[in-house]
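Here's the structure we're looking at; comments come further down.
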Amino acid sequence: MPDDLETLYRARLPEFRRVAAGIAGDRELGLDAVQEAFAAAVRKRRSYRGEGTLEAWVWRIVVNAARDARRRNATTLPDAPATNGHAPTLPLDLLTERQREIVFLHYYADLDYAAIAAALAISSGTVGATLNAARRTLRAALQEVGT
Amino acid sequence: VNEATLFDALDAHVASFRDEPDDWEDVLRRARRSRRLPRRRILVALLAALAVLGAAPALAVLLLSRAPRLPDGADRSRVFAAIDPQSGRVLVQVAPWRGQDGICYLVPGVRAGCAHRTPRGTVLLSPPPTGFTFYRRIASARALLVGGGSRPVVFHRFGPPLDVAFFFPQRRHDVRALQLRDRQGRVVAQVSF
């Protein structure tokens, strides 16, 4: 099992880190949250009973760790998101926490609805509806910025 | 705005971690470190139990003193308070932090502490969404409710030397997010719970 965790860590680390950074609202917090989450997974490996995939189980731990990091460190208002000079800034503060998490899991980790549902312990239908609502909100906001 | 625009914006929001090295050894170190904690906790609990058995009267004092108090670092000669206009209860006590650029505060029943001033620093206290902000642009706060809609939040700004504003939603259980707004009512930040 630790080998499986290590394999998963090495295979999907950039995605875990990117999602965690998005949820935590900070790159360094995201990095740290992933390390802590995998340490917790190593520690709690016996509690994984094979219900669902190992990856979904780990995603749940990573999301929780990033969420905790964000709450513990919600001491400074986020600066305007960094951009590459071409892409518009993203008004993520218009989304709920759940919407943001689903957006990050979908776009940054390329997880499908079923995988996101497993990671967040919600139904696939909820994932779809939430993601659509988030897209509508973001598109409307980006449209407004563009006009 | 199409999917590609949205994707570009998300891509720019959190840059890729593709080129950053992994550190599995660090994961294992953290896992080992955390494993040791329970033993320490058991030891601390045993010591605490012994202390309790040996000094029951001291326990009473200890329990009574667990309620948060204005921290020792507070300048007690300059303590300010905000009072709920409806109930008359003290919402917060605030004082300058002695020898530091910051404040010390006591939100009765919630938390006490000291915080360094940063130009845009905003602190959420547990349980949220009580908190305070040093950001001068913020002039009001509004709670967004779980069932939709919103309601204003008690917002109290302390002038110099504190230069900080506290916000206190009246009921917390149905608040899903908090909006901090400027004088024109524009949303400066939104924190979801």
Side-chain angles (χ1 to χ4, degrees), chain A residues 2 5-6 9-10 13-22 27 30-31 34-43 45 70-71 74-79 81-100 103-104 107-108 135 138-143 145-146, chain B residues 1-35 37 115-116 118-126 128-129 131-135 137-138 144 146 176-180 187-193:
Chain A
L5 283 172
E6 184 179 355
Y9 175 87
R10 295 195 191 283
L13 187 58
E15 289 83 9
F16 281 119
R17 284 176 166 172
R18 207 170 182 195
V19 170
R27 206 169 168 82
L31 279 172
V34 171
Q35 296 298 101
E36 282 299 323
F38 269 90
V42 169
R43 226 162 38 236
R45 59 184 176 271
R70 177 172 180 268
R71 287 174 182 160
T75 54
T76 305
L77 290 178
D79 289 326
T83 71
N84 59 13
H86 302 291
T89 56
L90 203 56
L92 285 166
D93 58 352
L94 297 177
L95 303 183
T96 64
E97 183 176 63
R98 173 56 56 82
Q99 284 177 327
R100 281 198 302 271
V103 164
F104 294 143
Y107 284 94
Y108 291 160
R135 279 184 182 131
L138 290 176
R139 280 186 182 139
L142 289 172
Q143 191 88 49
V145 170
Chain B
V1 175
N2 57 23
E3 188 76 3
T5 311
L6 190 54
F7 193 84
D8 285 347
L10 276 162
D11 207 37
H13 184 72
V14 179
S16 170
F17 285 85
R18 286 268 162 227
D19 299 326
E20 301 199 16
D22 59 22
D23 194 350
W24 180 249
E25 287 307 311
D26 175 59
V27 168
L28 296 180
R29 268 196 306 277
R30 289 176 189 229
R32 281 193 295 270
R33 195 172 57 217
S34 305
R35 262 197 204 115
L37 276 177
H116 285 287
T118 56
R120 298 177 66 178
T122 295
V123 173
L124 290 179
L125 302 175
S126 181
F132 59 89
T133 180
F134 293 110
Y135 196 8
R137 195 179 149 204
I138 294 171
L144 304 186
V146 173
R176 70 169 174 83
L178 185 75
Q179 283 186 341
L180 302 175
V187 176
V188 177
Q190 177 168 314
V191 188
S192 302
F193 305 109

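These numbers come from the heavy atoms of this one structure, side chains and all, not from hydrogens, waters or symmetry mates.
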Kindly say whether A15(B) contributes a backbone atom to a donor-acceptor pair with the side chain of R27(A) at under 3.5 angstrom?
yes
Looking at D26(B), D19(B), V27(B), which one has more heavy-atom pairs under 4.5 Å with chain A than the rest?
V27(B)
Exercise: identify the closest heavy-atom pair between A31(B) and R43(A):
O-CD, 3.6 Å
Is the shortest heavy-atom distance from the side chain of L5(A) to the side chain of W24(B) under 4.5 Å?
yes
Check: D11(B) main-chain N/O paired with R18(A) side-chain donor or acceptor under 3.5 Å
yes
Approximate separation, where rounding is to 0.5 Å, of E6(A) CD and E25(B) CD
8.0 Å
Provide the closest heavy-atom pair for G22(A) versus V14(B) in the form atom of the first, atom of the second, distance.
CA-CG2, 3.8 Å
Any donor-acceptor N/O pair, Y108(A) side chain to L10(B) backbone, under 3.5 Å:
yes
Please state whether the side chain, the backbone, both or neither of E20(B) comes within less than 4.5 Å of a heavy atom of chain A.
both
Heavy-atom check, side chain of L28(B) versus side chain of F38(A), under 4.5 Å:
no
Taking every non-hydrogen atom, the tightest pair across R176(B) and T96(A)
NH1-CG2, 3.6 Å
Ignoring hydrogens, what is the shortest heavy-atom contact between R17(A) and D23(B)? Give both atom names and the distance.
NH2-N, 4.4 Å
By a 4.5 Å heavy-atom criterion (distance strictly below it), what part of V19(A) contacts chain B: side chain, backbone, both, or neither?
neither
Which word best sums up how the rings of H13(B) and F104(A) line up, parallel for under 30°, tilted for 30 to 60°, or perpendicular for over 60°?
parallel
Toward chain B, the part of L31(A) with a non-hydrogen atom under 4.5 Å:
side chain
Please classify the contact of R100(A) with chain B as side chain, backbone, both or neither, using a heavy-atom distance under 4.5 Å.
side chain
Examine whether an atom of Y9(A) lies under 4.5 Å from a heavy atom of chain B, and if so say whether it belongs to the side chain, the backbone or both; otherwise answer neither.
side chain
